[in-house]
Protein chains: 2
Amino acid sequence: MNKFIVSTDCVVFGRDKNNKVNLLLIKRKSDTFDGYWALPGGMVEDFESVDDSAKRELEEETGLSTVFLEQLYTFGDLGRDPRGRVVSVAYYALLNIGDLELKPDTDASDAQWFPLNNLPEKLAFDHDKIITTALNRLRGKINYFPLVFELLPEEFTIEEVREIYSDILNQDLDRRNFSRKLKSTGCLIHLDKKKKVLVGKPPTLYKFDYEECEENGFNITL
Amino acid sequence: MNKFIVSTDCVVFGRDKNNKVNLLLIKRKSDTFDGYWALPGGMVEDFESVDDSAKRELEEETGLSTVFLEQLYTFGDLGRDPRGRVVSVAYYALLNIGDLELKPDTDASDAQWFPLNNLPEKLAFDHDKIITTALNRLRGKINYFPLVFELLPEEFTIEEVREIYSDILNQDLDRRNFSRKLKSTGCLIHLDKKKKVLVGKPPTLYKFDYEECEENGFNITL
DNA sequence: ACAAAAGTGTTAGATCTACACCCATGA
DNA sequence: TCATGGGTGTAGATCTAACACTTTTGT
């Protein structure tokens with residue numbers, strides 16, 4: 001009987017106050033990859049499913065329990081962890097950072113949000129590969145699944161949605177065409193409220209209509 | 001340190017002589033789920049990566065070593081295997097059955113191909129869930145990735161491609177529109193050969209142009 | 001010459017892209 | 001009234017779906 005350690009790693013995407021997408025990394029304080037930035041994660045325990053383990057680790061890091069979390073891919077190469085045979089099930093999570101206070105884990109000296117276009121060069125283990133996989137998944141899936149609303153607050157403006165799409169896809173999107181496409185999904189609830197702004201015309205606030213989406217799906221191909 | 005058994009399960013899709021898509025199942029001869037149909041698979045060994053393990057198991061079952069194989073999803077719920085804590089990394093494979101002779105594994109009394117629309121009712125473990133996941137992946141991915149050519153012989157006709165798409169998506173596809181769309185991918189090599197047929201006009205044979213596809217991608221949205 | 005399946009073209013409707021001006025608000 | 005950013009419409013191009021007849025071959 002061959003038994004392995006099974007761990008989870010989580011690619012956590014968070015939206016900051018400037019409506020930019022960031023990635024959460026932990027600075028390792030450990031005998032392996034000391035000082036390197038790494039994805040949050042940890043070992044799966046006996047009493048929990050792999051999914052629950054990822055959820056637990058994420059809660060311990062962020063204090064949030066209701067974030068979107070989805071399995072990404074499993075990394076099981078020999079030698080991916082110098083300490084021994086570790087199979088890692090990777091997840092990705094989406095959340096709105098808000099005023100979230102990070103609680104660094106015990107084996108980490110620091111936790112930090114990095115903007116997508118400014119990630120550290122060298123990461124621990126095969127975590128760069130995991131991040132690339134997560135980004136590709138995200139870029140593909142936002143076309144047919146309402147992932148970006150997991151990053152936004154409950155009430156948002158169309159411009160905020162567009163900026164998130166732009167940031168993730170790393171390309172400009174025409175403001176008018178985007179607005180039309182987003183509305184044509186039929187999954188927006190128009191609120192009779194405007195967002196308070198410092199300058200310019202106050203934009204309309206919307207909520208995402210999860211029921212409608214459940215019934216008729218979501219598609220916004222850019 | 002919590003150590004688990006890591007296994008692989010493989011959803012093998014094969015095209016039969018009638019150009020229909022089938023799924024390979026193994027009849028269990030074992031103390032758990034005896035007599036039930038199950039996916040081929042087995043434990044990951046110390047000396048191999050998880051990917052390699054799936055490849056090895058598949059070779060042992062089918063005798064084929066060059067089939068398309070891709071990781072699908074990891075199933076890690078508690079109690080999914082009554083014998084103990086087993087985390088299973090599921091894969092899916094695509095192949096052209098041809099004259100392939102199946103070699104049943106030691107803990108199986110029978111291996112059999114089942115047409116997609118006629119799978120057994122009850123399957124061992126959570127294998128029905130794994131198959132559903134695989135079918136969903138397949139149905140989504142054939143739109144933007146040339147998976148179906150892994151099922152077909154090297155030289156094929158457009159009608160054969162259409163029938164495979166039809167079978168996987170479980171819907172009729174207009175013959176003329178499909179032909180146009182498939183050709184417009186730019187990834188077909190027109191051969192100066194016709195397929196021998198018993199009745200009717202002999203259809204043109206094509207090969208898939210993997211180089212072209214590599215460069216410009218593949219997209220056929222039905 | 002007949003039966004069977006392959007091959008092909010057109011048209012109307014829908015969708016997509018590119019693009020510029022007016023509107024509402026706060027200072 | 002000005003500066004700022006939000007909101008909206010249209011025309012031309014492209015793509016899509018629906019649809020039927022002609023061609024090639026074997027018997």
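Predicted model, so just to flag it, every value in this text is computed and none were measured. Proteins get letters first, then strands, A, B, ... in listed order; numbering begins at 1 in each.
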Any Lys/Arg nitrogen of B/Glu159 or B/Arg162 sitting under 4.0 Å from an Asp/Glu carboxylate oxygen of the other? yes
A/Leu198 CG to D/dG6 P, straight-line distance once rounded to whole Å: 12 Å
Length of the NZ-P vector between B/Lys196 and D/dT27, whole Å: 12 Å
note: B/Asn177, atom CG; D/dT14, atom C1'; distance rounded to Å ~ 15 Å
When you measure from the side chain of B/Asn19 to the backbone N and O of B/Glu160, does any donor-acceptor pair fall under 3.5 Å? yes
Classify A/Lys194 by what it touches in the nucleic acid, base, sugar-phosphate, or nothing, heavy-atom distance under 4.0 Å. nothing
Let me spell it out: for each of A/Arg175 and A/Val199, pick the nucleotide of DNA chain D with the closest heavy atom. Which residue's pick is nearer the 5' end? A/Val199
Expressed in angstrom and rounded to an integer, what is the separation of A/Asn143 atom CG from C/dC16 atom P? 12 Å
Quick one: A/Phe178 CZ to C/dT17 C1', roughly how many Å, whole number? 16 Å
Taking 4.0 Å as the cut-off, does a side-chain nitrogen or oxygen of B/Lys181 come that near to OP1 or OP2 on D/dA17? yes
Measure CG/B/Leu205 against P/D/dT25 and give the value in whole Å, please. 14 Å
Checking C/dC19, C/dT25, D/dA17 against the side chain of A/Asp174 (C-beta onward), the nearest is C/dC19
Whole-Å gap separating P (D/dG6) and NE2 (A/His190): 15 Å
Would you find a donor on one side and an acceptor on the other, under 3.5 Å apart, between the side chain of A/Lys181 and the backbone of A/Thr221? yes
Can a side chain N or O of B/Thr204 be found less than 4.0 Å away from OP1 or OP2 on C/dG7? yes
Contact nearer the 5' end of DNA chain C, comparing B/Arg162 with A/Arg180: B/Arg162
A/Lys183 near the nucleic acid: base, sugar-phosphate alone, or nothing, with a heavy-atom cut-off under 4.0 Å? sugar-phosphate
For B/Ser53 and B/Asp51, test the side chains for any donor-to-acceptor distance below 3.5 angstrom and give the result as yes or no. no
So, does A/Lys195 get its side chain near the phosphate of D/dG5, meaning an N or O under 4.0 Å from OP1 or OP2? no
Check: B/His127 side chain, B/Ala38 main-chain N or O, donor-acceptor pair, under 3.5 Å: no
Has the side chain of B/Arg176 got a donor or acceptor atom sitting under 3.5 Å from an opposite partner on the base of C/dG7? no
Report which part of the nucleic acid B/Ile158 touches: base, sugar-phosphate, or nothing (heavy-atom distance under 4.0 Å, all strands). nothing
Salt-bridge present (B/Lys195, B/Glu155; N to O < 4.0 Å): no
Which part of the nucleic acid does B/Thr157 contact within heavy-atom distance under 4.0 Å: base, sugar-phosphate only, or nothing? nothing
When we call it a touch if two heavy atoms are under 4.0 Å apart, what does B/Ser179 touch: a base, just sugar-phosphate, or nothing? nothing
Rounding to a whole Å, what distance do you find between B/Asn219:CG and D/dT16:C1'? 14 Å
From C-beta outward on B/Lys201, which listed nucleotide comes closest to its side chain: C/dA5, D/dG9, C/dC23? C/dA5
